[in-house]
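What you see is a predicted model; the values in this text were computed from it and never measured.
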Amino acid sequence: QVQLVESGGGLVQAGGSLRLSCAASGRTFSSYYMGWFRQAPGKEREFVAAISRMGINIYYADSIKGRFTISRDNAKSMVYLQMNSLKPEDTAVYYCAASRLSSKDEGAYDYWGQGTQATVSS
C-alpha cells in the first residue's frame, strides 16, 4: 500500500511558476514508477510526466515539454513537479500516482493522491 499526498498548488499568473510536491508513505517508494497527471474542467484526466524508480528515465507530455520538470527523492519518499512558464491552459487538478510499471497510461497506476489545484490566470 502506498498513500500519496500532493501539495503546492495555488493561483499564479501566466508566465509564473509552481512547484508541486507529492509525499509518499511506505518503505517501498523506490520500487514504484511515479507519475503526474492532470484534469482540467470538463476534460479527461491526462498524462503529464513520469519518472522511473531511480530517476534515470523520464517522460513528458508534448504539451509541457521544456516547461515542466519531474524529479524524485527516494530518501525522502518525495516526487516533485516544477512547473515554469505556466499558461492558462495548464489550469487543472494535478494528481500524483504510483505504478509498478513504466507507463503513460493512467490505468497502469495503482495508487493516487487526492489532487492539488493549480490555477493560472491570464
Side-chain angles (χ1 to χ4, degrees):
Q1 282 273 347
V2 177
Q3 292 185 327
L4 304 171
V5 180
E6 302 96 334
S7 61
L11 174 63
V12 65
Q13 288 188 333
S17 299
L18 285 173
R19 188 193 194 209
L20 306 184
S21 299
C22 175
S25 66
R27 299 181 180 179
T28 60
F29 176 73
S30 61
S31 68
Y32 288 90
Y33 290 85
M34 298 301 298
W36 286 96
F37 292 78
R38 67 185 182 185
Q39 186 167 21
K43 295 187 177 181
E44 294 186 350
R45 189 158 54 187
E46 64 176 1
F47 169 79
V48 174
I51 187 167
S52 60
R53 298 181 183 97
M54 294 296 112
I56 295 173
N57 296 312
I58 290 176
Y59 309 93
Y60 294 107
D62 288 341
S63 60
I64 58 86
K65 202 171 292 183
R67 300 187 296 122
F68 292 9
T69 302
I70 188 172
S71 61
R72 68 188 296 164
D73 184 337
N74 286 344
K76 296 181 179 179
S77 296
M78 296 288 294
V79 63
Y80 306 99
L81 186 68
Q82 178 66 45
M83 306 190 296
N84 298 329
S85 302
L86 283 162
K87 304 175 181 180
E89 52 263 43
D90 295 317
T91 295
V93 176
Y94 284 75
Y95 297 91
C96 170
S99 174
R100 291 287 190 182
L101 306 173
S102 174
S103 178
K104 300 178 182 180
D105 183 353
E106 66 174 275
Y109 287 78
D110 304 302
Y111 303 101
W112 292 82
Q114 82 289 349
T116 186
Q117 176 72 47
T119 303
V120 184
S121 63
S122 57

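- Rounding to the nearest 0.5 angstrom, the gap separating the CD1 atom in Ile58 from the OG1 atom in Thr69 is 8.0 Å.
- Pairs engaging residues 81-119 under the disulfide (SG to SG under 2.5 Å) rule: Cys22-Cys96 [sequence neighbours left out].
- In this structure, the separation between CG on Leu4 and OG on Ser77 is 10.0 Å, given to the nearest 0.5 Å.
- Note on Tyr111: it clusters hydrophobically with Ile70, by side-chain heavy-atom contacts below 4.5 Å among ILVMFWY residues.
- With contacts defined as side-chain heavy-atom distances shorter than 4.5 Å, the pair Val12/Met83 does not qualify.
- For residues 35-44, every residue pair satisfying the salt bridge (charged side-chain N to carboxylate O under 4.0 Å, His left out) rule, not counting sequence neighbours, is listed here: Arg38-Glu46, Arg38-Asp90.
- A perpendicular orientation is assigned to the rings of Tyr109 and Phe37, their planes being inclined by more than 60° (bins at 30° and 60°).
- Side-chain atoms of Arg72 come within 3.5 Å of backbone atoms of Ser52 as a donor-acceptor pair (strictly under, hydrogens ignored).
- For Asp105, there are no salt bridge (charged side-chain N to carboxylate O under 4.0 Å, His left out) partners two or more places apart in sequence or in a different chain.
- Follow the hydrophobic side-chain contacts under 4.5 Å out from Leu101 and you never reach Ile51; the two are in separate clusters.
- Val2 and Leu81 fall within the same hydrophobic cluster, where Ile, Leu, Val, Met, Phe, Trp and Tyr residues are linked whenever their side-chain heavy atoms come under 4.5 Å apart, directly or through other members.
- Applying the salt bridge (charged side-chain N to carboxylate O under 4.0 Å, His left out) criterion to Arg19, with sequence neighbours excluded, gives no partner residue.
- Tyr33 and Trp36 sit in two unconnected hydrophobic clusters of ILVMFWY residues. Membership requires side-chain heavy atoms under 4.5 Å apart, directly or through other members.
- Among all heavy-atom pairs drawn from Asp73 and Phe29, the shortest one is O-CE2, 4.1 Å.
- Criterion: ILVMFWY side-chain heavy atoms under 4.5 Å apart, direct or through other members. Under it, Tyr80 and Tyr94 are not part of a common hydrophobic cluster.
- Between the side chain of Ser30 and the backbone N or O of Asn74 there is no donor-acceptor pair closer than 3.5 Å.
- With values rounded to the nearest 0.5 angstrom, Leu20 atom CG is found 8.5 Å from Glu6 atom CD.
- The aromatic rings of Trp112 and Tyr95 lie perpendicular to each other, with more than 60° between the two planes, well past the 30° mark.
- Side-chain atoms of Ser25 come within 3.5 Å of backbone atoms of Gln3 as a donor-acceptor pair (strictly under, hydrogens ignored).
- In this structure, Met78 CE and Ser7 OG are separated by 6.0 Å, a value rounded to the nearest 0.5 Å.
- Side chain of Glu106 to main chain of Phe47: no donor-acceptor pair is present (N/O by atom type, distance under 3.5 Å, no hydrogens or angles).
- Pairing each heavy atom of Ser85 with each of Arg67, the nearest pair is O-NH1, 3.0 Å.
- In this structure Arg53 satisfies the salt bridge (charged side-chain N to carboxylate O under 4.0 Å, His left out) test with no other residue, sequence neighbours excluded.
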Can you give each donor-acceptor pair under 3.5 Å made by side-chain atoms of residues 115-122, sequence neighbours left out, with the distance rounded to 0.1 Å?
from   : atom 1 : to     : atom 2 : distance (Å)
Thr116 : OG1    : Gly9   : N      : 3.2
Gln117 : NE2    : Ala92  : O      : 3.4
Gln117 : NE2    : Thr119 : OG1    : 3.3

